[in-house]
Participant: 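Next up is a structure, given as structure tokens.
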Amino acid sequence: QVQLVESGGGLVQAGGSLRLSCAASGLSFSRYTMGWFRQAPGKEREFVAGISWIGIRTDYADSVKGRFTISRDNAKNTVYLQMNSLKPEDTAVYYCAASRGSLIESARASYDYWGQGTQVTVSS
């Protein structure tokens with residue numbers, strides 16, 4: 001059974017940093033493109049960042065470019081999201097997702113497995 005478990009969320013002041021982790025099990029992790037999405041109250045779930053199988057390629061939403069960094073450790077079956085210079089508008093539940101595809105896609109439908117999410121709250 002595939003499991004994706006996010007951790008590292010919390011409450012932080014604007015300008016602060018958080019590092020999210022997503023531990024994967026039950027799948028051949030190194031053969032999956034991984035992504036981070038987020039969903040704020042009353043809004044649709046949106047793409048934040050993605051990383052290819054061995055981490056050579058990454059992609060980011062314009063709203064987080066230059067502030068967030070996605071990385072992965074295939075030996076630990078874990079993907080990370082380093083979030084710096086956080087803003088109140090970054091407040092959301094953050095989800096990691098796994099895709100069998102080789103391309104980094106921003107569409108939710110392209111991802112096969114999802115975690116339960118971790119709350120990130122940025123106070124002003």
Side-chain angles (χ1 to χ4, degrees):
Q1 183 177 354
V2 175
Q3 281 194 315
L4 302 176
V5 180
E6 302 95 337
S7 61
L11 174 64
V12 64
Q13 288 189 331
S17 298
L18 282 174
R19 188 195 196 203
L20 305 184
S21 300
C22 172
S25 60
L27 75 170
S28 297
F29 182 74
S30 63
R31 299 299 302 272
Y32 279 77
T33 296
M34 299 300 295
W36 284 97
F37 288 72
R38 67 186 181 187
Q39 188 167 16
K43 295 188 177 181
E44 291 192 354
R45 193 173 299 188
E46 63 176 1
F47 174 80
V48 174
I51 188 165
S52 59
W53 291 355
I54 56 174
I56 290 178
R57 289 176 286 120
T58 59
D59 193 18
Y60 298 91
D62 288 343
S63 59
V64 306
K65 279 181 182 175
R67 299 188 298 122
F68 290 11
T69 302
I70 188 171
S71 62
R72 67 190 296 163
D73 185 339
N74 287 345
K76 296 182 178 179
N77 286 3
T78 301
V79 61
Y80 305 97
L81 186 68
Q82 178 67 43
M83 305 186 295
N84 298 330
S85 302
L86 282 161
K87 305 175 181 180
E89 51 263 44
D90 294 318
T91 295
V93 177
Y94 283 72
Y95 300 88
C96 75
S99 169
R100 295 188 186 94
S102 59
L103 298 178
I104 300 171
E105 303 283 356
S106 61
R108 297 192 304 271
S110 298
Y111 290 79
D112 303 286
Y113 303 105
W114 293 84
Q116 293 300 306
T118 186
Q119 176 70 48
V120 172
T121 303
V122 184
S123 63
S124 56

Participant: Could you tell me which non-hydrogen atom of Ala98 sits nearest to which non-hydrogen atom of Leu27, and how far apart they are?
Facilitator: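 Smallest interatomic distance, heavy atoms only, reads CB-CD1, 4.0 Å.
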
Participant: Between Tyr95 and Val79, is there a shared hydrophobic cluster once you connect ILVMFWY residues whose side-chain heavy atoms come closer than 4.5 Å?
Facilitator: no

Participant: Yes or no on side chain to side chain contact (heavy atoms under 4.5 Å, CB included) for Asn74 and Ile54, after CA distance, side-chain angles and deciding distance?
Facilitator: CA-CA 7 Å; Asn74 287 345; Ile54 56 174; 4.3 Å; yes

Participant: To the nearest 0.5 Å, how far apart are OG in Ser99 and CD1 in Ile104?
Facilitator: 10.0 Å

Participant: Atom OH in Tyr113, atom CD in Gln3: separation rounded to 0.5 Å?
Facilitator: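 Nearest 0.5 Å value for the OH-CD distance: 12.5 Å.
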
Participant: Given side chain to side chain contact (heavy atoms under 4.5 Å, CB included), test Met34 with Arg72 step by step and report yes or no.
Facilitator: CA-CA 9 Å; Met34 299 300 295; Arg72 67 190 296 163; 3.8 Å; yes

Participant: What's the spacing between Thr58 OG1 and Phe68 CZ if we round to 0.5 Å?
Facilitator: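 That separation rounds to 14.0 Å.
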
Participant: To the nearest 0.5 angstrom, please state how far the CD atom of Gln116 sits from the SG atom of Cys22.
Facilitator: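 Rounded to the nearest 0.5 Å, the CD-SG separation comes to 11.0 Å.
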
Participant: Is there a donor-acceptor contact under 3.5 Å from the side chain of Ser63 to the main chain of Ala61?
Facilitator: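 Answer holds: no.
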
Participant: Counting C-beta onward and ignoring hydrogens, is there a side-chain heavy-atom pair between Leu20 and Glu6 closer than 4.5 Å?
Facilitator: no

Participant: Going by heavy atoms in the side chains, are Arg100 and Arg31 under 4.5 Å from each other?
Facilitator: no

Participant: Transitively linked via ILVMFWY side-chain contacts under 4.5 Å: Leu18 with Ile70?
Facilitator: yes

Participant: Should Tyr80 and Thr69 be marked as a side chain to side chain contact (heavy atoms under 4.5 Å, CB included) after you check the CA-CA gap, both sets of side-chain angles, and the distance that decides it?
Facilitator: CA-CA 8 Å; Tyr80 305 97; Thr69 302; over 6 Å; no

Participant: Are Val64 and Leu86 linked, directly or through other ILVMFWY residues, by side chains that come within less than 4.5 angstrom of each other?
Facilitator: yes

Participant: Ignoring hydrogens, what is the shortest heavy-atom contact between Ser123 and Leu11? Give both atom names and the distance.
Facilitator: CB-CD1, 4.4 Å

Participant: Going from CG on Leu103 to OG on Ser110, what distance comes out if it is rounded to the nearest 0.5 angstrom?
Facilitator: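 Result: 9.0 Å between the selected atoms.
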
Participant: Taking the side chain as C-beta and beyond, is there a heavy-atom pair between Ser17 and Gln82 under 4.5 Å?
Facilitator: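 The answer is yes, as the side chains (C-beta and beyond) meet within the 4.5 Å cut-off.
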
Participant: So which atom in Ile51 and which in Thr33 form the shortest heavy-atom distance, rounded to 0.1 Å?
Facilitator: O-CG2, 3.3 Å

Participant: State plainly whether the residues Lys87 and Asp90 are in salt-bridge range, i.e. N to O under 4.0 Å.
Facilitator: no

Participant: Looking only at heavy atoms, what is the nearest atom pair of Ala14 and Ser124, with distance?
Facilitator: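 Heavy atoms of Ala14 and Ser124 come nearest at CB-CA, 4.4 Å.
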
Participant: Does Arg38 reach the side chain of Leu81, with side-chain heavy atoms less than 4.5 Å apart?
Facilitator: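 No - every pair of side-chain heavy atoms lies 4.5 Å or more apart.
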
Participant: Looking at every heavy atom in both Glu44 and Arg108, which two are closest together, and how far apart are they?
Facilitator: OE1-NH1, 4.0 Å

Participant: Does any pair with a residue in residues 22-60 pass ring pair (Phe, Tyr, Trp, His ring centres under 6.0 Å), and if so which ones, sequence neighbours excluded?
Facilitator: Phe37-Phe47, Phe37-Tyr111, Phe37-Trp114

Participant: Any idea which heavy atoms bring Arg57 and Ser102 closest together, and the distance?
Facilitator: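 Minimum heavy-atom separation between Arg57 and Ser102: NH2-O, 3.2 Å.
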
Participant: Are the side chains of Val12 and Thr121 in contact, using a 4.5 Å heavy-atom criterion?
Facilitator: no

